[in-house]
Amino acid sequence: MGFLETISARRRGGHKLSPPPSPAYTDEHSATITKSHKQAYHKSKPLFYSQTISCKVLMIGAALMLLAFPFVRKNFSAHFDLRNQTVASEPSVAVEAKGGASLAADTSENVDLKVQPSPTRLNYTAELASMAVEPTVWTCGKKDRHNETALDPITNQRPFFAFVHVYKTAGSTVRDFFTEYATICKKSLAIIQTCRGSGVEKCQLKSVNAPQKQLKRVNSAILHDHYDILGGHFSFGMADHIFSNANTTTTTTTATTPHNGNNEAAQKVRHMVFLRQPMARFVSHILYQQNTRNKHQRETVHDTAEDIKKRIRSSRGKGEFMSSIYKYLLTPTQREMKYDRKGQTQEAVEAHKAQLSIDNLMRYNAIVGMTETFSQSMQIFEHAMGHVGTSARKEEEVKGLFSRFVGEEVLRNVSKRKSISTGSVLKELNKDDEFMVVFREYVKYEQMIVDFAMEMHQKQYDAVTIKLLH
């Protein structure tokens with residue numbers, strides 16, 4: 001019987017701890033111990049017994065602690081040792097609020113996360129690509145959208161497109177296309193900019209092809225009731241509430257419901273976006289700054305290249321990466337997420353944001369255009385924006401518009417100096433092999449996003465080609 005079992009059995013049987021045996025006195029001196037000595041001895045017995053019991057209780061406690069220690073350690077680590085846990089996706093990083101929303105914009109607490117530097121690559125299938133470019137059904141030349149009976153086959157709402165204009169991706173040219181398209185087909189177009197909040201209500205209305213020309217701002221209700229196309233410098237997620245059930249999700253997924261593999265239902269607004277190779281986008285940004293800020297200064301290709309080298313080396317020296325794309329591809333809630341900077345690098349944060357951006361392209365199943373394949377991109381747009389003309393003349397006008405933009409050379413917002421261009425600056429930068437290593441490191445997370453988007457774009461173009469052949 002074990003030590004603990006013996007103690008328990010004795011207590012159940014009413015046994016008490018026996019006092020220590022009396023000493024055996026053998027010599028005459030001990031036998032003649034004085035009365036005062038005996039009294040002193042008997043007074044000390046309770047103290048002796050108390051010390052004995054305390055020692056045994058301590059021994060029992062120590063044994064129990066040793067037995068319980070592995071269990072306590074395991075559970076303590078699982079709940080409190082956050083730095084040993086890996087976060088792979090947004091839901092496990094963000095603090096979930098009611099209704100499935102991620103970390104609220106006013107959250108003051110940091111989220112302690114550790115992100116894998118090489119996020120898992122998602123698989124964009126041909127089936128998803130085919131669903132993304134499924135033609136919508138609306139009437140070109142018919143103004144009364146409230147009498148439209150045909151619903152978009154993807155969103156199950158009346159047709160509505162949201163074009164996310166990423167800076168320096170030929171977005172101005174695409175915006176011009178939408179303006180002409182809206183005029184020909186009598187569709188209402190709202191162009192918004194300077195968005196500072198989580199919804200379209202905080203955006204400024206730059207231009208609009210609609211009766212409400214006096215408006216300076218719009219909201220979800222106005223867009224829902226009076227508009228067909230939204231475009232401008234805003235982000236994914238900002239148009240979600242244009243339709244009241246834009247954020248509803250289902251537990252099942254049908255063959256016509258785009259999703260990213262986690263049973264999220266399709267958004268109720270079709271999203272379109274143009275992207276561009278990050279090195280070219282960065283150089284184009286610098287040239288645009290030169291055009292607007294130094295109109296009278298005559299930089300050469302070499303001077304511009306040296307300025308870019310200086311900027312990027314300085315940024316990399318601080319551990320920074322190209323990150324401006326996140327203001328468009330992350331939702332407002334995702335942009336407000338807090339990161340615990342202790343014990344993790346800026347690179348880990350950038351890797352996580354890049355993965356969220358890719359997730360959003362998948363979740364919204366966005367129609368993706370690429371600046372480098374502009375004509376191909378406009379063919380995708382033409383197919384997805386399927387229309388029924390009210391007359392043969394309208395049909396010819398729309399076909400003529402698309403044909404012109406399919407062959408369009410992207411010339412908006414480029415350098416006005418014939419001797420300098422994005423291509424010539426990139427060619428100069430490529431002469432410096434050592435710098436190009438730094439440059440590739442600087443853009444690598446945006447490059448990861450663009451590579452995935454290019455795969456989406458190519459599969460969508462292939463889907464359009466297949467549909468047209470049949």
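What you see is a predicted model; the values in this text were computed from it and never measured.
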>> We want to know whether H165 and Y328 form a side-chain donor-acceptor pair, criterion being a heavy-atom distance below 3.5 angstrom.
In response: no
> NE2 of H271 to CE of M238: how many Å apart, nearest 0.5 Å?
Replying inline: 10.0 Å
>> Side chains of S235 and R335 only: does a donor on one sit below 3.5 Å from an acceptor on the other?
In response: yes
> Between S357 and N360, is a side-chain hydrogen bond (donor to acceptor under 3.5 Å, both in side chains) present by the stated rule, with each step listed?
Replying inline: CA-CA 5 Å; S357 299; N360 287 342; 5.8 Å; no
> If you measure from the Lys or Arg side-chain nitrogens to the Asp or Glu carboxylate oxygens, is any gap between K444 and E347 under 4.0 Å?
Replying inline: yes
> Rounded to the nearest 0.5 Å, what separation is found between the CZ atom of F177 and the OG atom of S172?
Replying inline: 15.0 Å
>> Between Q460 and Y124, is there a side-chain donor-acceptor contact under 3.5 Å, judged purely by atom types and distance?
In response: yes
> Just by modelled atom types, is the T179 backbone N or O under 3.5 Å from a matching donor or acceptor in the T183 side chain?
Replying inline: yes
> With a 4.0 Å cut-off, would you call E306 and K310 a salt bridge?
Replying inline: no
> Do we see a donor-acceptor contact under 3.5 Å between the side chains of H457 and T373?
Replying inline: yes
> Can you say whether the rings of F435 and F439 are parallel (under 30°), tilted (30 to 60°) or perpendicular (over 60°)?
Replying inline: tilted
> Under 3.5 Å, is there a donor-acceptor pair between the side chain of T169 and the main chain of V166?
Replying inline: yes
> Have Y364 and D240 got a donor and an acceptor in their side chains that come within less than 3.5 Å?
Replying inline: yes
> Is the Lys NZ or Arg CZ of R316 less than 6.0 Å from the centre of F321's six-membered ring, within 45° of the axis?
Replying inline: yes
>> Please list all pairs meeting salt bridge (charged side-chain N to carboxylate O under 4.0 Å, His left out) that have one or both residues in residues 461-470, counting only residues at least two apart or in different chains.
In response: E134-K467
>> Walk me through whether S220 and V200 qualify under side chain to side chain contact (heavy atoms under 4.5 Å, CB included).
In response: CA-CA 7 Å; S220 294; V200 293; 4.1 Å; yes
> Any Lys/Arg nitrogen of D152 or R158 sitting under 4.0 Å from an Asp/Glu carboxylate oxygen of the other?
Replying inline: no
> Ion pair present between K399 and E382, side-chain N to carboxylate O less than 4.0 angstrom?
Replying inline: no
>> So which atom in K394 and which in T390 form the shortest heavy-atom distance, rounded to 0.1 Å?
In response: CG-OG1, 3.7 Å
> Taking M279 as the fixed residue, which of L429, L426, N430 is the one that meets the side chain to side chain contact (heavy atoms under 4.5 Å, CB included) rule?
Replying inline: L426
>> Salt bridge or not between R393 and E396? Use side-chain N to carboxylate O under 4.0 Å.
In response: no
>> Apply side chain to side chain contact (heavy atoms under 4.5 Å, CB included) to residues E446 and R276 and explain how you reach the verdict.
In response: CA-CA 10 Å; E446 182 164 327; R276 186 178 188 179; over 6 Å; no
>> Whether the side chain of S315 engages the backbone of R311 through a donor-acceptor N/O pair (distance < 3.5 Å, no angle test) should be reported.
In response: yes
> Should the pair F178 and F163 be assigned to parallel (<30°), tilted (30 to 60°) or perpendicular (>60°) ring geometry?
Replying inline: tilted
>> With a 3.5 Å distance limit and no angle check, can you tell me whether R175 reaches the backbone of G231 through a side-chain donor-acceptor pair?
In response: no
>> Please check: side-chain N/O of K187 versus main-chain N/O of T139, any donor-acceptor pairing under 3.5 Å?
In response: yes
>> side-chain hydrogen bond (donor to acceptor under 3.5 Å, both in side chains), that's the test. Do R281 and S324 meet it? Break it down for me.
In response: CA-CA 10 Å; R281 192 169 83 87; S324 58; 2.8 Å; yes
>> Whether the side chain of N365 engages the backbone of L128 through a donor-acceptor N/O pair (distance < 3.5 Å, no angle test) should be reported.
In response: yes
> Is a salt bridge present between D433 and R440, judged by a nitrogen-to-oxygen distance below 4.0 Å?
Replying inline: no
>> Let's go through Q290 and D307 carefully: what are the C-alpha distance in whole Å and the side-chain angles of both, what is the deciding distance for side-chain hydrogen bond (donor to acceptor under 3.5 Å, both in side chains) to 0.1 Å, and is it a yes or a no?
In response: CA-CA 11 Å; Q290 290 180 355; D307 178 44; 4.7 Å; no
> Is the side chain of T465 donor-acceptor paired with the backbone N or O of Y461 at a distance under 3.5 Å, no angle test?
Replying inline: yes
>> Please evaluate residues K353 and Q334 with respect to the criterion side chain to side chain contact (heavy atoms under 4.5 Å, CB included), reporting the C-alpha separation (whole Å), side-chain torsions for both, the decisive distance (0.1 Å), and the verdict.
In response: CA-CA 8 Å; K353 290 181 178 180; Q334 290 168 343; over 6 Å; no
> Shortest non-hydrogen contact from A453 to V368?
Replying inline: O-CG1, 3.6 Å
>> Is it the case that the side chain of E336 and the backbone of T333 share a donor-acceptor pair, with hydrogens and angles ignored and the cut-off at 3.5 Å?
In response: no
>> Using the rule given for side chain to side chain contact (heavy atoms under 4.5 Å, CB included), can you reason through M370 versus V450, listing the C-alpha separation, both sets of side-chain angles and the distance that settles it, and then say yes or no?
In response: CA-CA 9 Å; M370 298 295 297; V450 171; 3.7 Å; yes
> Within the distance-only criterion (no hydrogens, no angle test), does the side chain of H241 pair as donor or acceptor with the backbone N or O of A239 below 3.5 angstrom?
Replying inline: no
>> Tell me whether E395 contacts the main-chain N or O of G389 through its side chain, where contact means a donor paired with an acceptor under 3.5 Å.
In response: yes
> Which of these, F274, F405, F161, sits in a ring-ring contact (aromatic ring centres under 6.0 Å, His included) with F381?
Replying inline: F274
> Does a sphere of radius 6.0 Å around NZ in K327 hold more than 12 heavy atoms from other residues, nucleotides or ligands, not counting ones at 6.0 Å or beyond?
Replying inline: no
